[in-house]
4 protein chains.
Amino acid sequence: MAVTQTFQRLKPPKREKILATAIHEFARHGFRQASLNRMARMSGIAKGSLFQYFGTKEGLFRFIFDHAVELIRHNLRRVKAETADQDFFERIRSSLLAGVAFIRQHPHIYQIYLKMLFQEDFPFREEFLEKIHLFSAEYLTPLVEKGMAEGDLRPDLDVDLVVFTLDAVMDRFLQAYCVPFLDGNAAVFQAPPQRVEKQVGDLVELLRSGLGARSGGTRLAMNE
Amino acid sequence: MAVTQTFQRLKPPKREKILATAIHEFARHGFRQASLNRMARMSGIAKGSLFQYFGTKEGLFRFIFDHAVELIRHNLRRVKAETADQDFFERIRSSLLAGVAFIRQHPHIYQIYLKMLFQEDFPFREEFLEKIHLFSAEYLTPLVEKGMAEGDLRPDLDVDLVVFTLDAVMDRFLQAYCVPFLDGNAAVFQAPPQRVEKQVGDLVELLRSGLGARSGGTRLAMNE
Amino acid sequence: MAVTQTFQRLKPPKREKILATAIHEFARHGFRQASLNRMARMSGIAKGSLFQYFGTKEGLFRFIFDHAVELIRHNLRRVKAETADQDFFERIRSSLLAGVAFIRQHPHIYQIYLKMLFQEDFPFREEFLEKIHLFSAEYLTPLVEKGMAEGDLRPDLDVDLVVFTLDAVMDRFLQAYCVPFLDGNAAVFQAPPQRVEKQVGDLVELLRSGLGARSGGTRLAMNE
Amino acid sequence: MAVTQTFQRLKPPKREKILATAIHEFARHGFRQASLNRMARMSGIAKGSLFQYFGTKEGLFRFIFDHAVELIRHNLRRVKAETADQDFFERIRSSLLAGVAFIRQHPHIYQIYLKMLFQEDFPFREEFLEKIHLFSAEYLTPLVEKGMAEGDLRPDLDVDLVVFTLDAVMDRFLQAYCVPFLDGNAAVFQAPPQRVEKQVGDLVELLRSGLGARSGGTRLAMNE
DNA sequence: AATGAATGAGAGTTCATTCAT
DNA sequence: GATGAATGAACTCTCATTCAT
């Protein structure tokens, strides 16, 4: 167990304060460079207590990590359920908007995610990489399969390749759209809402014209 | 100048040894966590000498950085020139293969690149981000424009959106394909050559069917 | 605050030991050349602890500095009060003797004072120089003014010039008398007490004969 | 010998350059904190050469030191000779003005002098202190003795006490007047010439009224 | 259970000095 | 004789972790 009962039994405000401070610190500095000294100072908690609760720095990070995974998993499930009756490209649009909303709400967690992606000396990196494959494996794949079954997608496409491509494009869109709003210091994320609708819309239209069943830019052109 | 003449005048084997050790160290640990102590120990020189050569840790990194930028820029130019007469999608295929080859040859540089992408406290990160926009701005954009002018691409596409999509897909392909071969410790990159050809081929075919002039749309139109 | 509560809460013997060692070190070597390594070794504590207590080398020096300023200020006030009813030249004599006694009791602080006077790269040097002007401004000036008002001094004298001269002579006397007893290494200050009385006496008599009311100036004025 | 013949045989411009740079460096940073690296860089001379010429850092300082002592001694002798026919207080005035002129011409040497006064870890400090007693012993004492013999000074004065007082006052005057003009960085010494005449004049008048033959002392003597 | 003082290894950096060229 | 590359000790400072209170 990465965290003691002692911590779980703390009064919620204190627990939240510690959690928030730790997430903030790891988001700003990554794992190795994060300082327990700073965390203790900023959360007003004794340094020794942190060790009592989490054993080691790694134990604390483990706790944050699990917490974040849970948040994300829960979010994906919710979006999946709420969009079950939409057409394929609508679901993609909704997923992207949900992604932006999530990052807007939890910017620090997204920063930790970005850091973990390529920072090899994070602990659990292997496990982390496996877990984010959830997105493709558990989220996108069924979506694409359903989309093909229901005729929203061109029937000649390879499912895995489509999943790969969508994953790449969507992930990169989130990065391209959100990173500029992540303040280097804190988590100030305020993107103008009208712009994101437009940009997501354009991207989804491109995907639809390339992958959609009734697609084919030329034909549309000829029709006009 | 980030490096002294002293370093440039060293005997090549020694110079290479120091360079290789430094690249290795930065690739494994990022900037902040990289240790000049380790570098000195591993390259068999005195710690003080590193400072004589590069002034500061940042100076050393700057040197590695410029070296890498030069390597990449040179590579891109070469590929561009060598593929000038190919059709658009052939060029994309060649670019991807060249990318894989480059990473295979310089795995540590690729690791540093990946770390710099999201590790906020790298020095020169701003400059770095500007420089990798070269890829889109100076490399992909002209390619796409020429592809559209010569009728390889559907004429209804927005150039910027296509560039964004290609950038995302190609970058993610390189990550997806190459990262598993990057040993956490060192730079052991040995991917079976026949597989990369196949995978690049499949990806390019998907792009062609989605974005190519004679792609799905027309055929679907004929079907009706 | 230049020093943490941590330090203030230490058991007095340990606190004194650290303080004494630090004063000793700064007295011997000045600021830049003083070594926290040595201090830690000599006071038998860990190097890290010094930083826990004082934050930086400068913080430690700041603490010593404030401590010394307080000592000196307190001493001056005490002497001023205790000699309030004496005639001007008696007060000067008492001040000099008090100065010698102070240096005898706190030789290291006097050494630090001397170093700060002309060692330009001490921290707080500006502040320090301002503070020692206290001596002239807050201590000597009122003394001289009272001395003139009460007819102890020749009425034709310029107050500022007298203050300047007294400051110079007294300061130089303390240097000339005390420096030979300051061991280069440690703080061995043992001047034969009977000699200091004699020397101070002689000096004050010279001052009296030059500046005293019944001396030359007035008579010359009358002669003209 | 503190300096090799090699150095003495250098072409004068090079020799001067090295000397000037070294004086500048020791003036700015004192002995320990002065950096041979910087000296080598600023004088355009190889670091190794400095060691060839002077053996050690201390050897170099020794050379500067002797050079400075020679300059000062020469200056004192010149002033003494040039003022041989003046009255005592005129000579004091001339000496002060000559002191200001010397510092104006060699500000760096004066800075080194000030640093050596109280910086205990200068090499040769003992020897240095002995040598500056030259001023009192070889310069002031004969002046005072002659002044008394010729009736410029009150006959009741103790020669040593007068020498001590003059030494203190004159030294302190030079410090008080010149230090503000010594730029912390370089040696920019530009004091308005008309002011120094006035200030020296006032100080000398005070001395004359206190110590001069036609002042108080005689009358007191007559009173007895 | 909570604290925070103590620690020591390791970080980047500077520098006088040596010595092969 | 002149050079400047090489060195390693010492510097200030940080930090995760331990442990007595």
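Reminder, nothing fancy here: chain letters follow the sequence lines and each chain counts from 1.
In terms of position on DNA chain F, the residue among F51(A) and K57(C) whose nearest nucleotide sits closer to the 5' end is K57(C).
A cation-pi arrangement is found for R62(C) relative to F124(C), the charged atom lying closer than 6.0 Å to the ring centre and inside a 45° cone about the ring normal.
Put simply, CE on M39(C) is 17 Å from P on dA10(F), counting in whole angstrom units. In this structure, R41(A) places its CZ atom 11 Å from C1' of dT14(F), rounding to the nearest Å.
Heavy atoms of other residues, nucleotides or ligands lying less than 6.0 angstrom from NZ of K131(D) number more than 12. Other residues, nucleotides and ligands contribute over 12 non-hydrogen atoms within 6.0 Å of the CD atom of Q8(A).
Scanning DNA chain E for stems, defined as runs of 3 or more consecutive Watson-Crick or G-U wobble pairs whose donor-acceptor distances all fall under 3.5 Å, gives the following ranges: E:2-21 with F:2-21.
For N37(C) and dC11(F), the shortest distance from a side-chain N or O to OP1 or OP2 is below 4.0 Å.
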Identify all pairs in which a protein N or O lies below 3.5 Å from an N or O of nucleotides 2-4 of chain F, and state each distance.
from, atom 1, to, atom 2, distance (Å)
dA2(F), N7, Q52(D), OE1, 2.9
dT3(F), OP2, S49(D), OG, 2.7
dG4(F), N7, G48(D), N, 3.0

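Chain A approaches DNA chain E within less than 4.0 angstrom (heavy atoms of the protein), and the contacting nucleotides run 5' to 3' from dA1(E) to dA6(E).
The side-chain heavy atoms of L60(D) and F51(D), taken from C-beta on, include no pair separated by under 4.5 Å. Taking 4.5 Å as the limit, some side-chain heavy atom of I18(A) sits within range of a side-chain heavy atom of F54(A). Using a 4.5 Å heavy-atom cutoff, the side chains of F63(D) and E58(D) are not in contact.
In plain terms, the two heavy atoms of R125(C) and M116(C) that are nearest each other are NE-O, 2.8 Å. Annotation for L50(B) and L36(B): closest pair CD1-O, 3.8 Å, computed over non-hydrogen atoms.
Checked by atom type and distance alone, the side chain of T4(B) pairs as donor or acceptor with a backbone atom of Y53(B) at under 3.5 Å. In terms of modelled atom types and a separation under 3.5 Å, the side chain of K57(B) and the main chain of F31(B) share a donor-acceptor contact. For the pair S35(D) (side chain) and R38(D) (backbone), a donor-acceptor distance under 3.5 Å is present.
Among the heavy atoms of the strands, none lies under 4.0 Å from A40(B).
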